[in-house]
> 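Following this message is one structure expressed as structure tokens.
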Amino acid sequence: MKVLVVGGGGREHALVWKIAQSKLVKKIYCAPGNAGIAKEAECVNIKANDIPNLLKFAKDAGIDVTVVGPEDPLVAGIVDRFQKEGLRIFGPRKPAANLEGSKAYSKMLMKSAGIPSARFKIVSELASAKDYVVSVGAPIVIKASGLAAGKGVFVAKTVEEAEAAVDTIMKERVFGVAGDSIIIEECLVGEEASLLAFMDGHTIYTLESSQDHKAAYDGDKGPNTGGMGAYSPAPVVTSRLMQQMERDIFVPVAHATNRDGCPYRGILYAGVMLTEEGPKVLEFNVRFGDPETQPIMMRLSSDVMEPILATMDASLGEVSLAWDPRPAVCVVMASGGYPGDYKKGDEITGIDEADALPDVKVFHAGTAMRGGKLVTNGGRVLGVTALGDTIAAAKARAYEAVELIKFEGAHYRTDIADKAIRRGAEGA
Ligand code: AMP
Ligand code: GLY
């Protein structure tokens, strides 16, 4: 079959790389793709949110299945549009995609379905937001309700920081209409984990656990980013916790979305804080995580198209996923300045040497070819991913690869997976 992958980041490179290994797939296109994806798929110059042109391309090229990477087209209703034209596409329809598209909607669904989450208030007026912040005090979390590429969340340690965050979102409007309303939320304490599941409207099939590193700098310092690295599995997620999360988070979402007439079909990603009171949901994403998908696809040893097709056909109960037991670690190499302003167009060297190391795959995110040279073309540039017999070995291998890769201003965290390594050392 012919598959179209929509998107052009590290997650899409990992998906394309894995889909290319499927026996069911004859040809892969990716729109718009990037320089790394171009080596494994035919890239099509259509932006990921240009739904009319994606639709036209899918029809003209006779695409059998479209797999959507990023949230924007899902929230904008790409699945509804494709299905209306009789095309098969993987992802939730627009109403269900609102679980990510509107944090206000997501929090209300969690509240009504009894899903454990931080206490919150939704506010759409600057003055009342500030009054509320002052009345409850810090630490406190301020979030833009709409899509903000992972950057619309501020964990404020003081009331002043919280007020500044309210100004950033509501006065300076740096996230535009995404900041029309904000969520002011209790600050949860604990270790974070990501749990993803295929959901077909009947069956829930969880993937192996993973952990993202959202903060820009080592020690979880600095501003939040789209994700600076990830590993899988996350040892903090015991099998008991996994079952608890399936029961207390995924089952109620399936039930609530079925009841509301828009069954959730696709991948659901729960970002969870493992608190002393148990797991609590920080956010839902209606797609694969980035960068979690990079280590997860390295570890998936069965054909990724099987659960993708079964999710669309509501036959997930008939497939099973197989995993490489070895852990995988992904280190994101970003452009200097990210998540703030950054330069593009710097030459990247050393990728072939890094890729040649055993059990290493360099997934491209923001890369492009210019004048025959590979150059930086985004905030997150590469996701250098490695398998190892232990999480420490996977980390060492990933950083060995990172050190072979050079571009001006390259910035990466040096502590990816350390939480898991410490946990192992403690024997926890
Ligand atoms: P979100 O996009 O909502 O997952 O938020 C991004 C990051 O902000 C999360 O991964 C957490 O690190 C942090 N965060 C979000 N909500 C909270 C909360 N209620 N308490 C503590 N940290 C939070
Ligand atoms: N890794 C966080 C995200 O995909 O949103």
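Note: hydrogens, waters and symmetry copies are ignored here, and every other heavy atom, side chains too, is used. Keep in mind it's a predicted model, so treat the numbers as computed, not measured.
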> Please collect all ring-ring contact (aromatic ring centres under 6.0 Å, His included) contacts where either partner lies in residues 395-420, sequence neighbours excluded, each pair once.
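For residues 395-420: Y217-H411.
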
> Going by atom types alone, do S194 and E292 pair a side-chain donor with an acceptor below 3.5 Å?
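S194 vs E292: donor-acceptor pair found between side chains.
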
> Can you tell whether the side chains of R287 and D72 come within less than 4.0 Å, N to carboxylate O?
no

> Quick one: does F198's side chain get under 4.5 Å of I308's, heavy atoms only?
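The answer is yes, as the side chains (C-beta and beyond) meet within the 4.5 Å cut-off.
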
> If only atom types and distance count, is the side chain of R11 paired as donor or acceptor with the main-chain N or O of F288 below 3.5 Å?
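Yes, the answer is positive, given that a donor and an acceptor are paired below the 3.5 Å cut-off.
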
> Quick one: does any side-chain atom of K406 pair with a main-chain N or O of E403 as donor and acceptor, under 3.5 Å?
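Checking the backbone N and O of E403 against the side chain of K406, a donor-acceptor pair under 3.5 Å is found.
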
> Is there side-chain contact between E192 and L282, with at least one heavy-atom pair below 4.5 Å?
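SC-SC contact between E192 and L282 confirmed.
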
> Please list every donor-acceptor pair under 3.5 Å in which a side-chain atom of residues 120-128 meets a protein atom from a residue at least two apart or in another chain.
{"from": "S128", "atom 1": "OG", "to": "E125", "atom 2": "O", "distance (Å)": "3.2"}

> Any heavy-atom pair between the side chains of I63 and L87 that's under 4.5 Å?
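When only atoms from C-beta onward are counted, I63 and L87 do not touch, as no gap falls below 4.5 Å.
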
> Can you give me the closest heavy-atom contact between T225 and H213, atom names plus distance?
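Where T225 meets H213 most closely, the heavy atoms are OG1-O, 4.3 Å.
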
> Who passes salt bridge (charged side-chain N to carboxylate O under 4.0 Å, His left out) against E161, sequence neighbours left out?
none

> Cut-off 3.5 Å, side chains only: do S117 and K107 have a donor facing an acceptor?
yes

> If you measure from the Lys or Arg side-chain nitrogens to the Asp or Glu carboxylate oxygens, is any gap between E40 and K361 under 4.0 Å?
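Judged by the 4.0 Å cut-off on N to carboxylate O distance, E40 and K361 do form a salt bridge.
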
> Are the side chain of R380 and the backbone N or O of G227 linked by a donor-acceptor pair below 3.5 Å?
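Yes.
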
> Between P223 and P339, which heavy-atom pair has the shortest distance, and what is it?
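Scanning both residues, the minimum pair turns out to be CG-CG, 3.8 Å.
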
> Return the orientation label for the F154 and F175 ring planes: parallel under 30°, perpendicular over 60°, tilted otherwise.
tilted

> Within a reach of under 6.0 Å around NZ of K18, are more than 12 heavy atoms found that belong to other residues, nucleotides or ligands?
yes

